[in-house]
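These numbers come from a predicted model, not from an experiment. Order of the sequence lines fixes the chain letters, A, B, ..., with proteins taken first and strands second; residue numbering starts at 1 for each chain.
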Amino acid sequence: MFPARAMSNAERRKPYPFDQLEPKWQTRWAAEKTFHALNPGDPGFDPARPKFYVLDMFPYPSGSGLHVGHPVGYLATDMLARYKKMRGFNVLHPMGWDAFGLPAEQYAIKTGEHPRVTTARNVAVFKSQLTRLGLAYDWSREINTTDPGYFRWTQWIFLQLYHAWFNPATNRAEPIATYSGGDPDAVRLAYVSEAPVNWCQALGTVLANEEVIDGRSEVGGHPVERRPMLQWKLRITAFAHRLLDELDGLDWPESIKALQRNWIGRSEGAEVAFRLAAMTNDGMTNDERTGDIRHSSFDIRVFTTRPDTLYGATYMVLAPEHPLIDRIATEDQRPAVREYREKTARKSDLDRTELAKDKTGVFTGAFAINPVNGERIPMWIADYVLPGYGTGAIMAVPAHDERDWEFARKFALPIREVVSPEPRLGLGGESPCSAEPLECYIGEGFAIHSGPLDGLPTSEAKAEITRRLEALGLGKKTITYKLRDWLFSRQRYWGEPFPIVWEEGKHRAIEGWELPLIPPELEDFKPTGTGEPPLAKATEWLRYSDKATRETNTMPQWAGSCWYYLRYCDPLNATRFVGRDAERYWTGAADGRDVAVVAALRGLWREADSRQPGPLRLHALCIGRLDETEAAALSAATGMELSGYAHYADNQSFRHIQKKHGSESGEAKRGQLAITEEDVALIPEIVRHPDEVRSGSPTGRGRPAILYSKRINGWVIYVEESLVSQRRLLIKTMYKKAATGKRATAEAGFAHTSETFRRAQTFSSRKPAPVKGGVDLYVGGTEHAVLHLLYARFWHKALFDLGHVSTPEPFQRLVNQGLMLGEDGQKMSKSRGNVVNPDEVIAEYGADALRCYEMFMGPLEQTKPWSMTGVEGVARFLARVWRLAMEENQAGEWVVSAAVQDIECPRALAKVMHATIKKVGEDLEALSFNTAIAQMMIFTNALTAAAPRPLSAVRALLLVLNSFAPHLAEELWERLGTGEMLARQPWPAFDPALLIEDEIELPVQVNGKVRDKIVVKKDATAAEIEAAALAAPRIVEHTAGKSVKKIVVVPGRLVNIVAG
RNA sequence: GCCGGUGUGGUGAAAUGGCAGACACAAGGGACUUAAAAUCCCUUGGAGCGAAAGCUCCGUGCGGGUUCGAGUCCCGCCGCCGGCACCA
């Protein structure tokens, strides 16, 4: 060992001994489970506390570990989690690993080491790095997507999708059993289809549209080609309108919402049916040429956003993949058509989009009839029309669409102007002008040469033509989306196997009890290159029965991340993917009290059931409290079928209020009452006399109700067994105002009641309030805007429809942390050599300095370059904090400074202290970490200057600093403190009275320029301020020789004198 | 082309329509020290005037507008970053 003296010299170089105290506190937090979150039902769980679920996007544990850019978001959530805990919240702040994926598998192929092994190693590295940052995760909830206990439920959710369909009538996913059509396989949310897909030869797998960027794979940048293959898809398109519409209610950055809107790509327009012309240009009739259509003159439908330009459609274009081409192409055009289609099929997406600026196409020989004017228009095929969008066919209006214009010019097709930017007179639709327009006009305007539409502005013309087409059955208003179904299978080893077997060419699901379906052990993970998945090599595993074999595709990496935020709520649940109570509690459909209500209901139900055994159904009559969704969740939670739902906002409470107002029926109607605070206060009176409560249900009228009642956490629940003969259990819920006592409690209770009535009113006016819920705050990078974030929303909505979760959206609030650039201002990357490793920063300056620096740099959402000198500055700040309380003695040991004394805080210092408590709290709520730190620096500077230093002020600093620099704060708290852990302390209160100055300084402007300052009493009147301002010496100077025209006094702000 | 964001000192950045540049970094000067490190103090948007205290003018990408007052709101441009892009 070093001699003591040498040791202290070495130590002295460190501004404070973070290298000792940081590991110490990390160990303590882990040992004492300081950040362990309790679930409803756990011993010690406090349902009265509000909850806060704050989530990071879990990382893929790569082999290279973290760089300093990764933890930006983790640090933000950590600070918020620690703060919310001090604020009395039950905080859920978990972390886990998104560990299936390509890199681990590619590494395995290279080294022969099993991905399971490398994944475990990488996870260990990541976890230790995160721990060294002092992140307050509840590690007891750690999850790993590659853990069979986890992916079992990923497979289970897939089965829910497989066994479900989207019912357009109800606009939601339903069990496949409710589908009455002939072929359920055609409508499942998870289905197989043979279609052109994105095949990446280098990766040996197919990819989703979202994973292909400019014709190359997102991972690795390898070329991607179109190839028809039999693949699994998920029917995300069925949810397109909901995924789009429900973005509005989310508290997300506008940019991410815009990205998703863009990706979903809604277009409003019309579908128009064109009839195939009977006569072709060679004089033959269709009947003579093609047998198939002899008896049915079929239609070709096109989609257009500009139905108003229908009179200007001079030709039609089909996508080369369009299925009707074989039937319509004329004999003489057939070779050219076939050649063009083959050429197109060979083209990659990249070729088709990037290089195809020059239009190509071939005439099919067929003609279609324009339904509005009976004109024969030629039908072409061209690759600028895409098969997957709209109907795969367009009407071409070259005068008003740039692509059609270009195409028409190249192939000398007619161009007819039908929209004029200015209203034009005297141009009848019956006489199309012969002169072709000189340029393409794509804007809106007024219809011309368009028969009955002439003169109408574009928007009216659209509506008019659509109405006419609909009346004739030739078209209809249509909404089209760009979003395509999600290609869900991959030809890789390291992913979840599908819980599907194939028998005689048909697929079917395996049973739930067969899960998890574990992938086979393989020596050789290599993709086959033929599109056959590596799992096909496991011959033993492959065989399911004599006749059936297993599906060999695996799920994409996104599968596991689609629902991980749910698993965190209840990570060890062995019977359900997430416990209902845990899900309802943490994702916010219910607060702790609601969850307790459900638990009590279950108990009451058991009691009722024991009196008269047999299946019970639940009939929910809700007084202003539960909406329909919650009633459904309640029935699921109690295990009772929901036989009916009625909203109950009126009835007793309604009558009671009505009586009070002296208005008899007729005057005040349901949902139209202006409910006052006083009215709400009357509600508890009803509750206090349960005997007066009679069943309000139509069937229970007049019969005395058998009431079970139970009081839980300010709730009173009645269970009314008035419908015994029908085996229906009537439940009612009613909110009870919090017991009188502390004012604050009563107010909190009141606010809740008030909200209840708002919702009740909203419901009775038939406009359900949007159900908020999901993760309270989700922080992550912007790169998942249309991948993970869209997929997860889709899964969540499907699970919601199927009754498995209680909210329609997974992430209520989303924040993107900004990118961290290298010191050179470039993106951090190994090849640039500008990567900064957090471990090195921690070794030199400590984790607290790294934490504070990353948050001090600027706003969380902003991109910003790393600066080592910046870390140094923050480290200096922390060292100053340390020296506020500590000094070195003769022996070179740190001891509590004699300057810290238990004295009363001088008023000036107290002011800074309370201002700091206020600002840091507000800034944390607003995620303005940088300005919070600046304020703490101000406070620290003030404290440094003070001698002696009041103990209470130093402690206050530690309380607010704790979220940012928890190790340092804990250590000083311990040395100064009462023996309790700082992390468990409540957030300090500030005294607003102290922040109000008796006298305030006001700047005085003359013509908008500050010329002097005056000091006035805080409650000075405007007249007093005016007089003081005009008397100020420099104001007198500046207004000399001028006349004062106006004086603007902004109390507490400034005075502006307008003079001229 | 379309969509979203953004533009303030040498640098990172502050600023409910109300004193532009808080808080830091860097730089310069000083104190302590034999010396260095560490620490502490001072100066620091630009130009000009003054011996000094201080004063004046200009200044938030550019051009207009609203207002007693604009970094902030409105209109029109320009630059940069991100996304989408033959989506009919």
- Message: Looking at B:rA88, I'd like to know if its phosphate oxygens (OP1 or OP2) sit under 4.0 Å from a side-chain N or O belonging to A:Tyr384.
- Response: no
- Message: Would you say A:Lys1046 places a side-chain N or O within less than 4.0 Å of OP1 or OP2 belonging to B:rC68?
- Response: yes
- Pairing of A:Asp383 and A:Lys343 as salt bridge, 4.0 angstrom limit: no
- Item | Lys/Arg N to Asp/Glu carboxylate O, A:Glu254 vs A:Arg261, below 4.0 Å |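 Yes, charged N to carboxylate O under 4.0 Å.
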- Message: With no hydrogens and no angle check, just 3.5 Å: does a side-chain donor-acceptor pair link A:Tyr311 and A:Asn370?
- Response: no
- Message: Can a side-chain donor-acceptor contact be found between A:Glu210 and A:Trp486 if the only test is distance below 3.5 angstrom?
- Response: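 Checked: A:Trp486/A:Glu210 side chains show no N/O donor-acceptor pair below 3.5 Å.
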Looking at every strand, decide which applies to [X] at a 4.0 Å heavy-atom threshold: base, sugar-phosphate, or nothing.
X	value
A:Lys1013	base
A:Lys919	nothing
A:Arg1011	sugar-phosphate
A:Asn941	sugar-phosphate
A:Tyr481	nothing
A:Pro253	nothing
A:Gly1008	nothing
A:His400	nothing
A:Val1010	sugar-phosphate

- Most 5' of A:Thr480 and A:Ala258 on RNA chain B, judged by nearest nucleotide: A:Ala258
- Query: So which one's nearest nucleotide on RNA chain B is more toward 5', A:Arg1053 or A:Pro1003?
  - Reply: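 This one resolves to A:Arg1053.
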- Task: Would you please enumerate the stems RNA chain B participates in, each stem being three or more consecutive Watson-Crick or G-U wobble pairs with both distances under 3.5 Å?
- Result: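 As far as RNA chain B goes, consecutive pairing (with distances under 3.5 Å) yields the stems B:1-7 with B:78-84, B:10-12 with B:23-25, B:27-31 with B:39-43, B:45-49 with B:54-58, B:61-65 with B:73-77.
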- Ordered by number, residues from residues 874-882 of chain A within less than 4.0 Å of RNA chain B (heavy atoms) are A:Arg876, A:Arg880
- Message: With a 4.5 Å cut-off on side-chain heavy atoms, are A:His241 and A:Tyr481 touching?
- Response: yes
- Fit a plane to each ring of A:Phe407 and A:Tyr384, take the angle between them on a 0 to 90° scale, and name the class: parallel (under 30°), tilted (30 to 60°) or perpendicular (over 60°). tilted
Rounded to the nearest angstrom, tell me the gap between atom [atom1] in [X] and atom [atom2] in [N].
X	N	atom1	atom2	value
A:Leu819	B:rC80	CG	C1'	15 Å
A:Glu210	B:rC84	CD	P	11 Å
A:Trp866	B:rA13	CH2	C1'	17 Å

- Short side-chain to backbone donor-acceptor contact, A:Thr237 and A:Arg484, under 3.5 Å: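 A pair under 3.5 Å: no.
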- The side chain of A:Glu254 lies closest to which of these nucleotides: B:rA15, B:rG4, B:rC57? B:rG4
- Message: So if I take every side-chain heavy atom of A:Leu259 and compare against B:rC23, B:rC68, B:rG83, which nucleotide ends up nearest?
- Response: B:rG83
- Query: Looking at A:Tyr853 versus A:Trp866, is the centre-to-centre ring distance below 6.0 Å?
  - Reply: yes
- Ring centre gap for A:Tyr315 and A:Phe411 strictly below 6.0 Å: no
